[in-house]
Amino acid sequence: MADLTQHPGRVNDIQASYMAQVGRKRLYSGITMLVFVLLMISGFNLASSRNGGSFWGGIDNFFDYPSEVVAEAASKAAEMPAHFATYFPALLETVNIAAVATLIGALMAIVLSLLSTRGLARFPRLIGLFRRVMDITRAVPEIVVALILIFVLGGGPVPAMIAIAIHTAGALGKLFSEVNENASLKPLEGLESVGANWTQRMLLGVVPQVAPNWLSYALLRFEINIRASAILGFVGAGGLGYELKVAIQWGQGRFDEAGAMFIMLFLTIVFFDQISSHYRDKLVHGAKGKE
């Protein structure tokens, strides 16, 4: 290896070249940030000009609604337990929508991920097709799919479940395929040598390696889907979101019910967040410990 200390001129050239690269990178980053800021300002001004009211003129009223809800809920605090009991079935419906959608979406994601992972795919020439399918299913927001399905199937939990499952399949499929790429191919070679078919190679050679990470991502997605199922209730997909929409539209006089539903939804999300975080930590760290 050459001793650069004997060539101070070369060291200076390398340093100058490096500093020039750093300078260009900072310049490009600055230009990108400037363009982003200008686009944000332009988009905000356009939205403000097309809005029915003035954003800056109405920002003083931003906290009026939350304060009214809190004030009415506090004045009727004695009725909160009754509201919790009344809307608990709607909360269960929201959680059930998320759970079923996560299960169906995860199963679809497993198939899509295995078919779109290089070295594992059953049809290597169709890897690009399956990847585009995952791109499309996660690119379209759940609320758009839900609105279309509500128009076709009518209101209720089924359109919400299908919409969330489709989006979950694309999102988890992408994550699962990245996990699959780190799986060792040696077990597959051994299974293939004894005549195992593709399905057997996947179930016996790949799934045991990646299952902990799959479950970890699925639990994380379940948390997200609880929020999504509540939001879809606002467009007529049932669950607690629908009841919350009705209470908000009714206005003053039912703000205590809206407050109770906000509290229920918040506590539910926190509960499942803590539970899933605990088990995700055990799954991931437990799997690493075994390795």
Side-chain angles (χ1 to χ4, degrees), residues 32 36 39-40 43 47 94-183 198-199 201-203 206-207 209-239 241-242 269 272 276 280:
T32 303
F36 175 76
L39 288 173
M40 289 287 292
T94 294
V95 175
N96 286 337
I97 291 172
V100 175
T102 303
L103 178 60
I104 295 175
L107 293 175
M108 294 169 61
I110 290 173
V111 176
L112 288 172
S113 68
L114 292 174
L115 292 173
S116 62
T117 303
R118 293 184 180 89
L120 303 180
R122 178 67 177 84
F123 309 104
R125 293 184 178 180
L126 299 180
I127 288 178
L129 173 63
F130 290 117
R131 290 190 175 186
R132 299 295 80 78
V133 169
M134 292 191 296
D135 291 342
I136 294 171
T137 54
R138 69 172 178 272
V140 182
E142 300 100 321
I143 193 168
V144 174
V145 180
L147 287 171
I148 296 173
L149 292 174
I150 288 173
F151 178 76
V152 175
L153 303 175
V158 174
M161 182 271 294
I162 296 175
I164 295 173
I166 291 174
H167 193 273
T168 298
L172 285 182
K174 173 65 174 178
L175 296 173
F176 287 179
S177 63
E178 293 179 354
V179 173
N180 296 346
E181 291 176 355
N182 296 322
W198 181 81
T199 303
R201 295 199 301 272
M202 295 302 105
L203 290 176
V206 176
V207 173
Q209 297 183 63
V210 299
N213 285 315
W214 279 1
L215 288 173
S216 175
Y217 283 128
L219 287 171
L220 179 61
R221 191 68 202 182
F222 178 54
E223 300 172 29
I224 299 172
N225 287 346
I226 292 176
R227 302 180 186 94
S229 61
I231 293 171
L232 292 184
F234 276 76
V235 296
Y242 177 77
I269 291 175
F272 282 106
S276 63
R280 280 190 285 117

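Values below: all heavy atoms of this structure, side chains included; hydrogens, waters and symmetry mates excluded.
Nearest heavy-atom pair, Thr94 versus Gly241, reported as atom, atom and distance to 0.1 Å: OG1-N, 4.3 Å. Shown here for Thr102 and Ala218, the closest heavy-atom pair between the two residues is CG2-O, 3.7 Å. In terms of heavy-atom proximity, Ala169 sits nearest to Ala109 at O-CB, 3.5 Å. Among all heavy-atom pairs drawn from Gly154 and Pro159, the shortest one is O-CG, 3.3 Å. Tyr217 approaches Leu175 most closely through the heavy-atom pair CD2-CD1, 3.7 Å. Counting all heavy atoms, side chain and backbone alike, Asn180 lies closest to Ser113 at ND2-OG, 3.2 Å.
No donor-acceptor distance shorter than 3.5 angstrom exists from the side chain of His167 to the backbone of Glu142, with no hydrogens or angles considered. Judged by distance alone, with hydrogens and angles left aside, the side-chain atoms of Trp214 form no donor-acceptor pair with the main-chain N or O of Ala106 at under 3.5 Å. Without hydrogens or angle criteria, Ser116 side chain to Leu112 main chain gives a donor-acceptor distance under 3.5 Å. Of the possible polar contacts, none joining the Arg122 side chain to the Leu115 backbone as a donor-acceptor pair under 3.5 Å is found.
Side chains of Leu153 and Ile162 form a contact here, defined as non-hydrogen atoms less than 4.5 Å apart. Between Met161 and Ile104 the shortest side-chain heavy-atom distance falls below 4.5 Å. Using a 4.5 Å cut-off on side-chain heavy atoms (C-beta onward), Arg118 and Ile127 make contact. Contact of the Met202 side chain with the Thr199 side chain is not registered, since no non-hydrogen atoms from C-beta on lie closer than 4.5 Å.
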Report the C-alpha separation of Arg227 and Ile269 in whole Å, then their side-chain angles, then the decisive distance to 0.1 Å, and conclude whether the side chain to side chain contact (heavy atoms under 4.5 Å, CB included) test is met. CA-CA 8 Å; Arg227 302 180 186 94; Ile269 291 175; 3.6 Å; yes
Verify side chain to side chain contact (heavy atoms under 4.5 Å, CB included) between Phe130 and Met134, making sure each step is shown before the conclusion. CA-CA 6 Å; Phe130 290 117; Met134 292 191 296; 5.7 Å; no
Derivation of the side chain to side chain contact (heavy atoms under 4.5 Å, CB included) call for Phe176 and Val210: CA-CA 8 Å; Phe176 287 179; Val210 299; over 6 Å; no
Does the side chain to side chain contact (heavy atoms under 4.5 Å, CB included) test come out yes or no for Leu232 and Ile164, once each step is laid out? CA-CA 9 Å; Leu232 292 184; Ile164 295 173; 3.6 Å; yes
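Ile143 CD1 to Ile148 CD1: the interatomic distance, rounded to the nearest 0.5 Å, is 11.5 Å. Note that the CE atom of Met108 and the OG1 atom of Thr168 stand 9.5 Å from one another [nearest 0.5 Å]. With rounding to the nearest 0.5 Å, the separation of CG in Leu172 from CG in Leu107 is 10.5 Å. Interatomic distance, Leu220 CG to Ile224 CD1, rounded to the nearest 0.5 Å: 4.5 Å.
Heavy-atom neighbours of Tyr242 OH from other residues, nucleotides or ligands within 6.0 Å: at or below the threshold of 12.
In this structure, Phe222 and Phe272 have perpendicular ring planes: the angle between them is above 60°, well past the 30° mark.
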